[in-house]
Trainee: 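First the structure, which I've put down as C-alpha cells, then a few questions once you've had a look.
In this text, all values refer to a predicted model and were calculated from it rather than measured experimentally. What you see below is based on every heavy atom in this structure, not just the backbone, and it leaves out hydrogens, waters and symmetry mates.
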2 protein chains.
Amino acid sequence: MEESAYFMAKRGADGRPPRVTIQDVARLADVSVATVSAVINGNVPVSEKRTERVRAAMAALRYQPDERARTLRTGRSRMLGLVIPDVTNPFYPEMLREIEHAARVRDHSVLLCDSNNDPEQERRHLEALYARRVDGALVACVDSKVSYDWLDPLGFPVVFFERYPFSGHYQAISTDHRAASFHATKHLIQFGHRRIAFFLTNPDLSSSSERTAGYQAAFADAGVPMPPSMLIAHVEGAQGGYNAMRRLCANPEKRPTALLCTNSVLLLGAARAARESGLQCPRDISLICFDNPVWTEHFPPAITTLAQPKGEIARRALELLLARIEKKAPTLEESTIEWLKDELVVRESTGPAPTP
Amino acid sequence: MEESAYFMAKRGADGRPPRVTIQDVARLADVSVATVSAVINGNVPVSEKRTERVRAAMAALRYQPDERARTLRTGRSRMLGLVIPDVTNPFYPEMLREIEHAARVRDHSVLLCDSNNDPEQERRHLEALYARRVDGALVACVDSKVSYDWLDPLGFPVVFFERYPFSGHYQAISTDHRAASFHATKHLIQFGHRRIAFFLTNPDLSSSSERTAGYQAAFADAGVPMPPSMLIAHVEGAQGGYNAMRRLCANPEKRPTALLCTNSVLLLGAARAARESGLQCPRDISLICFDNPVWTEHFPPAITTLAQPKGEIARRALELLLARIEKKAPTLEESTIEWLKDELVVRESTGPAPTP
DNA sequence: TATCAATCTCGAAACGTTTCGCCAGCGTTG
DNA sequence: CAACGCTGGCGAAACGTTTCGAGATTGATA
C-alpha cells in the first residue's frame with residue numbers, strides 16, 4: 001500500500017492537499033467503488049480478502065467519506081436544526097447541551113439557530129434549515145401567535161418544545177407550565193402571601209398563558225382574591241425586572257410581598273431593585289423564578305426555583321422528532337402535546353409573609 | 001403557470017410531498033436547467049423574457065434550491081463548525097451568539113459542537129465536521145497540550161479563539177489574558193491586598209498559563225512577594241470554587257483577603273464559601289473574576305470583572321477564518337496570534353484590604 | 001459433466017446542482 | 001457579401017456517494 005506517489009500525482013497546482021475520494025480507495029485496493037462502499041456500509045457481504053484490502057487502502061489514504069455526497073444520495077443528512085429564541089437566557093444553553101448530547105448518541109449533529117426573539121429571523125432560520133435539507137428541527141418558538149403551517153406541506157418535520165404555536169397542527173413536548181406555576185403560587189399563598197407579583201415576558205407565548213393560568217388558579221383554589229395589577233407582562237431582561245420591581249415598590253403599602261418570575265434573568269434585576277428599596281429577602285419579600293441555573297443556588301439568598309427536567313425534555317423531543325422522520329409521513333392530522341413535570345426546589349428565598 | 005396537475009403527478013405513493021427540483025422549474029418555464037441556474041445565481045446573463053418565466057415558475061412551485069447538491073458541486077458549504085469546551089459556562093453562549101450573528105451576516109451557518117471538556121470528544125467533533133466538509137471551524141480548545149497537526153494536511157482550516165494549542169502552527173485570536181490578569185491583580189495590590197488567591201481550572205490551557213503569568217508579574221511589578229500556596233489549580237465548577245475557598249479560610253490568620261477567579265462559575269461557589277465563613281465582601285474579602293455574565297452586575301455585591309470584547313473576538317475570528325478559506329491555502333507556515341484587550345469593570349466586590 | 005443456486009463483484013445510473021464548451025442567431029465591419 | 005465577434009442559450013459532464021441489476025465465480029447436486 002504505497003500511497004505517497006499517488007498523493008504527489010494528485011496534488012493540485014495550488015498546493016492544496018488532494019481530496020481523497022472513494023475512487024482513490026477503490027483504485028488503490030484494486031476493487032470497484034461499489035465494493036468499497038459495501039465495506040464502509042456493511043450492508044452487502046464482501047469477501048474477507050477484499051475487505052482487508054479496502055481497509056488497508058482506506059487507512060493508507062486516511063480516507064473519510066464525504067457526508068455531503070452521502071447525504072445527497074441517501075436523502076438523510078443526519079443533521080437536525082435547533083432553533084431557540086435567545087441563547088443568552090441560561091435555560092437554552094443547558095437545553096442545548098442536553099439536546100446536542102442526545103442527538104450525538106443517535107448519531108446526529110445539531111445546527112444551532114438563535115432567533116434573537118424575532119419572528120422574522122426565526123422564519124429565515126427555518127427556511128435556511130429546510131434549504132440545507134436537515135432531517136428535521138426542534139424549535140422553541142418566539143411567539144405562539146405565528147403560524148407554522150407552511151412547514152407541513154414542505155414535508156419538513158418539526159417538533160416544538162417548551163413553546164408551541166396556538167393554532168395549526170403540531171407536535172410538542174413541554175413541561176407542565178400551568179401546574180408548575182400553580183404549585184409555586186400555592187407555595188407562596190401557604191406562607192401567607194397575598195400580594196404576589198407575577199412578571200412575564202411576552203404574553204403571546206404558550207408558556208406565558210399557561211403560567212398565568214396556573215397563577216390565577218392557585219388563588220382561586222385557595223379561595224383568596226387575586227391582587228390587582230400585580231400581573232405584569234412585557235418585562236424583558238434584568239433591566240426590565242429591575243424597573244418593574246422599582247415601580248411596584250414605589251408605594252410601600254401596596255408593594256408585593258412575593259414575586260414569581262417567568263425566567264431567571266428577570267429575577268436578577270427584580271432582586272436588586274428589592275434590595276435597593278430596602279427590602280430584605282426572604283424577610284420582607286419572597287422570590288421564585290422558573291428555570292434553575294447554577295447561580296440561583298449560590299445567590300445570597302439561594303433562590304427557590306422551578307426546575308425543568310431538561311434532559312428528559314431533550315431526549316423525549318429528540319425521540320419524537322426521529323420517529324417522525326423515520327415514519328416519513330410528516331403531515332400531521334392532529335396536534336399532540338406531551339407534558340413533563342417541573343420540580344419546585346425550595347431554597348432560602350421564600351418564607352413567611354411579613355406581618356404588617 | 002399551472003402547477004397543481006404537475007404536483008399531483010409527482011406526488012409519491014407514500015403521501016410525502018414531492019421535492020421540487022431545478023428540473024421541475026426548467027420544465028415548467030420551458031427553458032433549460034442551465035438557464036434556471038443562471039437566473040438563480042445571476043452570474044451569467046439571461047434575457048428579460050426568460051428571467052421572468054423562470055421567476056414565475058420558481059414562485060409557482062415554491063422552489064428552494066437544494067443546498068446539499070449546491071455544496072457538493074461548488075465545494076463550498078457555507079457552514080462553519082464551532083467547537084467549544086462547555087456551553088454551560090456562560091462565556092460561551094454569549095460568544096456563540098456573537099459568532100452566530102457574525103456568521104449569519106456573512107451568509108454562513110454555524111454547526112455547534114460541545115466538547116464537554118473532553119479532548120477525545122473534541123477530536124471526534126472535528127473529524128465529524130471535516131466529514132461534513134464544513135468550510136472551516138472556530139475552536140476554543142479543551143487542552144492546549146493536544147496536537148492539532150492532523151488538521152492542516154487535510155486542508156481543513158481552523159482558527160482558535162481564547163484558547164489555542166501550545167505547539168504546532170495555528171492561527172488564533174485571543175484576549176490578552178496576561179495583561180488582564182496583571183491589571184486585575186494590580187488593582188487588588190493597590191488596594192493593599194497581599195494575600196491574593198488565584199483559582200484556575202485546567203492549567204494545561206494557554207489562557208491559564210497566561211493568566212498565571214500576569215498574576216505573578218503584577219506582584220513582581222509591585223515589588224511585593226507572592227503569597228505561598230494561594231495559586232490553586234484544578235478548581236472546577238461552583239462546587240470546586242466552594243471547596244477551595246473553604247479550605248483556604250480554614251485558618252483565619254492565613255486566609256486570603258482577595259480572590260481572582262479564572263471564570264465566573266468558580267466565583268459563585270467561592271463567594272458562598274466566604275459568606276459561610278463569616279466573611280463580608282468587600283469589607284473582609286475582595287472578589288474578581290474573568291468574564292462578565294449578567295448576574296455579576298446584579299449579585300450582592302456587584303462583582304468586579306474582566307470583560308472580554310466578545311463581539312470583537314467573534315468578528316475578528318470569523319474574518320480570519322473566512323480569509324483563510326478564500327485564500328484556499330490552508331497550510332500554515334507559522335503561527336499567528338492576535339491580541340484583544342479585556343476591560344476591567346470595577347464594581348462593588350473589590351475594596352481596600354482589611355486592616356489586621 | 002451439465003445444471004443450479006448461492007455468493008460475491010462490478011458497471012452504471014441515480015441524487016440536484018453548477019459550469020464548461022459549443023452553437024445559433026445576429027448585427028458590424030471591411 | 002463574407003467574415004467576424006457578441007450574446008444568450010443549451011446539453012452534458014462533473015461533484016462523491018449509494019444502490020440496482022446483472023454478470024462472474026464457486027461448490028454442490030443430479
Side-chain angles (χ1 to χ4, degrees), chain A residues 10 12 16-54 57-58 61-79 130-135 154-155, chain B residues 10 12 16-54 57-58 61-79 130-135 154-155:
Chain A
K10 210 188 180 195
R16 181 176 270 272
R19 285 262 143 121
V20 12
T21 77
I22 201 173
Q23 303 267 5
D24 302 323
V25 177
R27 201 139 34 202
L28 186 59
D30 194 33
V31 299
S32 76
V33 205
T35 303
V36 179
S37 176
V39 1
I40 291 172
N41 295 293
N43 41 13
V44 165
V46 175
S47 72
E48 191 66 30
K49 206 176 53 181
R50 276 159 202 266
T51 302
E52 209 30 68
R53 288 222 304 276
V54 169
M58 291 203 298
L61 297 176
R62 291 193 204 3
Y63 169 66
Q64 189 127 25
D66 186 325
E67 282 299 326
R68 296 172 302 182
R70 204 187 270 227
T71 274
L72 180 59
R73 177 62 229 236
T74 61
R76 283 283 306 259
S77 67
R78 308 192 83 72
M79 287 205 301
Y130 173 69
R132 292 209 184 280
R133 300 296 190 274
V134 301
D135 295 339
L154 248 36
Chain B
K10 211 187 181 197
R16 182 178 268 272
R19 287 262 142 121
V20 12
T21 76
I22 199 174
Q23 304 268 5
D24 302 323
V25 176
R27 201 141 34 202
L28 186 59
D30 194 33
V31 298
S32 76
V33 200
T35 303
V36 179
S37 175
V39 1
I40 291 173
N41 296 292
N43 42 13
V44 164
V46 174
S47 71
E48 191 66 29
K49 206 176 53 180
R50 277 162 199 266
T51 303
E52 210 30 68
R53 289 223 305 277
V54 169
M58 291 203 298
L61 295 176
R62 290 194 205 1
Y63 169 67
Q64 189 128 22
D66 186 325
E67 282 299 326
R68 296 173 302 182
R70 202 188 272 229
T71 274
L72 180 60
R73 177 60 227 234
T74 61
R76 284 282 306 259
S77 67
R78 308 192 82 72
M79 288 206 299
Y130 174 69
R132 293 210 183 279
R133 299 297 192 275
V134 302
D135 295 340
L154 248 35

Trainee: What integer distance in Å separates A/Arg70:CZ from C/dG16:P?
Mentor: 18 Å
Trainee: For nucleotides 5-15 of chain D, just jot down a letter per nucleotide in 5' to 3' order: B, S or -, based on protein non-hydrogen atoms under 4.0 Å.
Mentor: ---SSBB-BBB
Trainee: Whole-Å distance between C/dC8 P and A/Glu48 CD?
Mentor: 11 Å
Trainee: When you measure from the side chain of B/Asp66 to the backbone N and O of B/Arg68, does any donor-acceptor pair fall under 3.5 Å?
Mentor: yes
Trainee: Are any of the side-chain heavy atoms of A/Val39 and A/Arg50 separated by less than 4.5 Å?
Mentor: no
Trainee: Tell me the interatomic distance from A/Asn43, atom CG, to C/dC8, atom C1', rounded to whole angstroms.
Mentor: 14 Å
Trainee: Please check: side-chain N/O of A/Arg53 versus main-chain N/O of A/Asp30, any donor-acceptor pairing under 3.5 Å?
Mentor: yes
Trainee: Between P on D/dG16 and CZ on B/Arg132, what's the gap in Å once rounded to a whole number?
Mentor: 18 Å
Trainee: Do B/Leu28 and B/Tyr63 touch side chain to side chain, with heavy atoms closer than 4.5 Å?
Mentor: no
Trainee: May I have the distance from B/Gln64 (atom CD) to C/dT17 (atom C1'), rounded to whole angstrom?
Mentor: 14 Å
Trainee: Roughly, in whole Å, what's the span from CZ in B/Arg78 to P in C/dT17?
Mentor: 17 Å
Trainee: May I ask you to check if A/Arg132 and A/Tyr130 form a cation-pi contact, with NZ or CZ under 6.0 angstrom from the six-membered ring centre and within 45° of the axis?
Mentor: no
Trainee: How long is the line joining CZ of B/Arg76 and P of D/dG16, in whole Å?
Mentor: 16 Å
Trainee: Using a strict 4.0 Å threshold on nitrogen-to-oxygen distance, state whether B/Arg70 and B/Glu67 make a salt bridge.
Mentor: yes
Trainee: Figure out the CD1/P separation between B/Ile40 and C/dT19, and round it to whole Å.
Mentor: 12 Å
